[in-house]
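We count ligands from 1, going down the list as the structure has it; atoms in each ligand are counted the same way. Everything numeric in this text was worked out from a predicted model, so none of it was measured. Quick note: numbers below take in every heavy atom, side chains included, and nothing from hydrogens, waters or symmetry partners.
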Amino acid sequence: MPATPDVPCPHHTLSFLKIATLLAALVCSSGAAQQPAASQSGVNTAKAASQLINGYAPAWWKEAVVYQIYPRSFADSNGDGIGDLNGITQHLDYLKKLGVNVIWLSPHYDSPNADNGYDIRDYRKVMKEFGTMADFDRMLAAIKARHMKLIVDLVVNHSSDEHRWFVESRKSKDNPYRDYYFWRDGKPNASDPEHPLPPNNWHSFFSGSAWQWDDITKQFYLHLFAVKQPDLNWENPKVREDVYSLMKFWLDKGVDGFRMDVIPLISKPVGLPDLDPRNAVEVLANGPHRDEYLQEMNREVLSKYDTMTVGEAIGISLKETPKIVGSGRHELNMIFNFDAVRVNRGEFYSERKWTLPELKAIYDRHATALGKEDWDTVFLSNHDNPRLVSNFGDTTTDEFRVRSAKLIETMLLTLRGTPYIYEGDELGMTNYPFHKLDDFNDIEVKNAWKERVESGRMPEAEFIAESARFGRDNSRTPMQWSSAANGGFTTASGKPWLPVNPNYTSINAKAEVQSADSVYRYVQRAIALHHSSLAFTYGDYKDLDPEHPQVYAYTRTLSTPGKTAERFLVLLNWSEKPVDYTIPGDIKPVKLVLSNVPGAAAAQGQSVNLSGWEARVYSY
Ligand code: NOJ
Ligand code: CA
């Protein structure tokens with residue numbers, strides 16, 4: 001019997017999805033995985049050891065498949081052109097049928113929207129465009145009723161400049177909230193004494209200096225992101241107490257955890273010294289009190305609830321990662337590492353040529369650096385990155401778009417770590433055809449335009465081309481629900497806050513739910529496969545052919561004493577070119593359990609002919 005009633009047994013998911021036939025050969029693992037996660041605050045070690053699966057302590061968040069919702073772009077229920085919470089509630093069955101079991105909701109809090117909700121004005125209030133607290137409660141209840149869980153975004157490296165704390169803080173140097181933020185005198189400016197220079201050379205992630213002059217008290221304040229996102233001063237214990245209190249507010253409502261925005265940046269280097277721009281991010285992410293604050297947060301808040309936590313960890317190397325995610329560290333469950341998603345990026349939005357062996361090497365380094373006490377995430381998209389298939393797949397033809405989107409999802413759902421799917425990727429949604437600055441909404445693009453184009457450093461056309469390729473608005477265009485006007489995102493008369501990709505007439509949820517060969521239906525099968533065997537969660541990972549330039553071939557295997565071993569072989573042809581491939585070693589595929597090419601032939605011994613962008617998963 002599952003000890004955690006609201007985590008469905010994978011078998012239930014399978015029968016619900018009516019794909020039991022496909023997966024009948026797969027053995028559903030023991031109920032051990034359904035036990036609640038061992039408390040992080042000390043357990044009977046002998047008992048815990050006997051519950052280990054392949055050396056891993058089982059936990060619901062390790063077995064989850066997460067779906068990220070960017071609320072502004074998901075579904076508009078009232079025709080004002082902006083997605084909202086009721087829109088999410090209306091589409092929960094769609095997500096349930098897809099098979100995901102945790103939803104990560106990007107910020108839903110009251111905000112002036114300088115950075116679409118990542119600038120929070122009131123942490124205890126719902127953004128009015130998104131609805132009311134009653135709408136939130138209804139949405140949460142509806143999520144729970146479907147045996148899914150919800151994690152919300154925790155954005156506490158900075159607040160909005162319209163947050164009450166900052167409104168107070170900027171009033172006077174002796175205001176009780178002054179120390180909630182970083183205020184510093186400027187450096188003398190010989191050429192213009194009336195206008196001091198910023199206190200140090202820190203650069204904002206959104207262009208320009210990270211310091212903003214404030215005329216009221218004639219000091220600068222720190223904002224590592226937008227001018228309207230002042231950094232909170234975690235050295236002030238009152239700030240930390242207030243953050244813990246707001247976390248409890250949401251956990252007490254029943255949310256299941258947090259995705260923590262740029263969380264390693266909460267501890268600033270002592271004395272706020274000038275930094276070498278080449279490693280400034282790493283220095284900012286490895287401040288002296290980071291682990292102490294996260295451990296305090298764990299002690300004061302997280303350890304008292306059954307939560308899932310995932311930190312957005314810019315600047316954290318793989319070597320540093322176990323300090324944050326190691327179970328004995330009592331900090332966070334997992335972090336997002338950006339090595340894979342940024343493999344094709346140079347400086348800012350410039351493109352970098354990458355090779356498949358490079359990508360494999362990244363995943364191999366993850367597998368080596370993160371052991372059984374640690375946990376990992378797998379993702380290649382989110383609201384800060386281009387569309388998955390445009391970024392890493394092949395959109396030269398519709399056939400390849402569909403196939404490559406399926407191939408990438410196969411990889412995400414069979415690699416090591418908790419997989420994250422970004423809204424619309426399950427449809428193979430693509431980048432938007434941006435042509436000019438006005439087409440963009442994102443502050444990152446607008447500010448970069450000033451810094452790069454207006455200053456004459458970069459030609460306009462080059463800037464637009466790069467922003468169209470890598471800009472964040474690509475992933476923020478509205479969900480394409482149907483072929484109705486505006487892709488069914490908002491009512492026909494409403495104007496969406498960001499235009500819908502014109503390809504909604506052919507790429508949309510309604511069509512894909514109905515079509516057996518669609519990306520959606522495939523992702524549904526791939527998620528069901530992921531849930532059907534704990535090998536995909538706790539199994540060993542082995543790259544069979546790290547140097548092959550075109551085929552990514554790996555195994556996931558789980559041997560549990562007294563049970564039949566669960567063994568899978570994943571073959572991914574990362575190219576439009578067909579390939580005759582010989583499976584290395586003595587692996588003999590037995591049964592094809594997932595394939596993105598209809599009618600794919602069984603393997604002939606160890607030889608497989610893979611067509612362009614073909615993905616196969618075999619049991620063996
Ligand atoms: C990271 C978030 O993912 C991004 O969207 C946001 O702009 C910055 N942090 C600032 O909060
Ligand atoms: Ca709305």
Side-chain angles (χ1 to χ4, degrees), residues 68-91 104-109 111-121 123 126-132 135 139 152-161 163 204-207 210 222-232 258-266 281 284-285 310-316 335-336 338 341-342 377 379 381-386 420 422 441-448 471-476 478-479 481 486 488-491 493-498:
Q68 183 191 352
I69 292 183
Y70 195 69
R72 205 171 185 79
S73 305
F74 193 65
D76 172 22
S77 71
N78 63 352
D80 65 355
I82 298 174
D84 46 55
L85 301 183
N86 288 339
I88 297 172
T89 307
Q90 286 164 6
H91 288 91
W104 151 26
L105 184 64
S106 274
H108 63 282
Y109 314 95
S111 164
N113 284 306
D115 186 20
N116 288 343
Y118 281 92
D119 49 321
I120 299 172
R121 182 164 49 201
Y123 290 95
V126 170
M127 189 189 295
K128 67 175 180 324
E129 296 89 324
F130 292 171
T132 63
D135 296 332
M139 176 188 76
V152 292
D153 227 298
L154 183 73
V155 189
V156 287
N157 170 69
H158 44 268
S159 72
S160 162
D161 66 339
H163 192 290
S204 157
F205 287 93
F206 289 156
S207 304
L222 177 68
H223 61 90
L224 288 177
F225 292 88
V227 171
K228 284 182 69 62
Q229 291 168 304
D231 279 52
L232 282 160
F258 301 100
R259 174 270 186 186
M260 302 190 186
D261 192 67
V262 293
I263 196 71
L265 304 182
I266 56 177
V281 180
L284 289 168
V310 51
E312 189 206 19
I314 48 172
I316 299 295
I335 63 169
F336 293 126
F338 294 95
V341 73
R342 293 291 161 102
T377 56
F379 72 101
S381 59
N382 60 26
H383 65 292
D384 293 331
N385 285 285
Y420 288 72
Y422 180 71
N441 172 284
D442 184 12
I443 186 167
E444 185 171 88
V445 169
K446 304 276 187 195
N447 284 3
R472 308 192 299 178
D473 283 334
N474 281 303
S475 56
R476 300 173 181 188
M479 266 291 278
W481 289 108
N486 293 316
F489 163 75
T490 182
T491 52
S493 56
K495 187 171 167 335
W497 72 280
L498 205 59

Task: Presence of N, O or S from Ile82 under 3.0 Å of the Ca ion (ligand 2) - done: yes
Open item on the list: Closer than 3.0 Å to the Ca ion (ligand 2): does that hold for any N, O or S atom in Asn78?
Closed with: yes
Task: Ring center gap for Phe379 and Phe336 short of 6.0 angstrom - done: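 Between Phe379 and Phe336, the centre distance is under 6.0 Å.
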- [ ] For residues Phe206 and His223, establish whether the separation of their ring centroids is below 6.0 Å.
- [x] no
TODO: Identify, by name, the N, O or S atom of Asp84 lying closest to the Ca ion (ligand 2).
DONE: OD2
Please list the nearest protein heavy atom to [atom] with its residue and the distance rounded to 0.1 Å.
{"atom": "atom 5 (O) of ligand 1", "answer": "Asp384 OD1, 2.7 Å"}
{"atom": "atom 1 (C) of ligand 1", "answer": "Asp261 OD1, 2.9 Å"}
{"atom": "atom 6 (C) of ligand 1", "answer": "Asp115 OD2, 3.2 Å"}

Task: Exam field: side chain Glu312 to backbone Asp261, donor-acceptor pair closer than 3.5 Å - done: no
Open item on the list: Angle at the Ca ion (ligand 2), OD1 of Asp76 to OD1 of Asp80, rounded to 10 degrees, please.
Closed with: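 About 90°, to the nearest ten degrees.
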Which of the atoms in ligand 1, numbered in the order shown and given with their element, are less than 4.0 Å from a heavy-atom of [X]?
{"X": "Arg259", "answer": "2 (C), 3 (O)"}
{"X": "His158", "answer": "10 (C), 11 (O)"}
{"X": "Arg472", "answer": "4 (C), 5 (O), 6 (C), 7 (O)"}

TODO: Could you give me the CA-CA distance, side-chain angles and deciding distance for Asn86 and Thr89, then say whether side chain to side chain donor-acceptor pair (under 3.5 Å) is met?
DONE: CA-CA 5 Å; Asn86 288 339; Thr89 307; 4.7 Å; no
- [ ] Could you please spell out the steps behind the side chain to side chain donor-acceptor pair (under 3.5 Å) verdict for Thr490 and Asp76?
- [x] CA-CA 5 Å; Thr490 182; Asp76 172 22; 2.5 Å; yes
Task: Close side-chain approach of Ile443 to Val445, heavy-atom, < 4.5 Å - done: no
Open item on the list: At under 4.0 Å between heavy atoms, is it the side chain or the backbone of Met260 that contacts ligand 1, or both, or neither?
Closed with: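 No part of Met260 comes within reach of ligand 1.
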Open item on the list: Under 4.0 Å, heavy-atom basis, I'd like to know which part of Glu444 is in contact with ligand 1: side chain, backbone, both or neither.
Closed with: neither
Task: Phe206 to ligand 1, any heavy atom closer than 4.0 Å - done: yes
Open item on the list: Can you tell me if Arg476 contacts ligand 1 (heavy atom of the residue under 4.0 Å from the ligand)?
Closed with: yes
Task: Lys228 and Asp119 ion-paired at < 4.0 Å - done: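 Result for this pair is no, no salt bridge flagged.
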TODO: Identify whether the distance between the nearest side-chain nitrogen and carboxylate oxygen of Arg476 and Asp384 falls below 4.0 Å.
DONE: yes
TODO: Check the angle between the aromatic planes of His91 and Phe74 and answer parallel, tilted or perpendicular using the 30° and 60° thresholds.
DONE: perpendicular
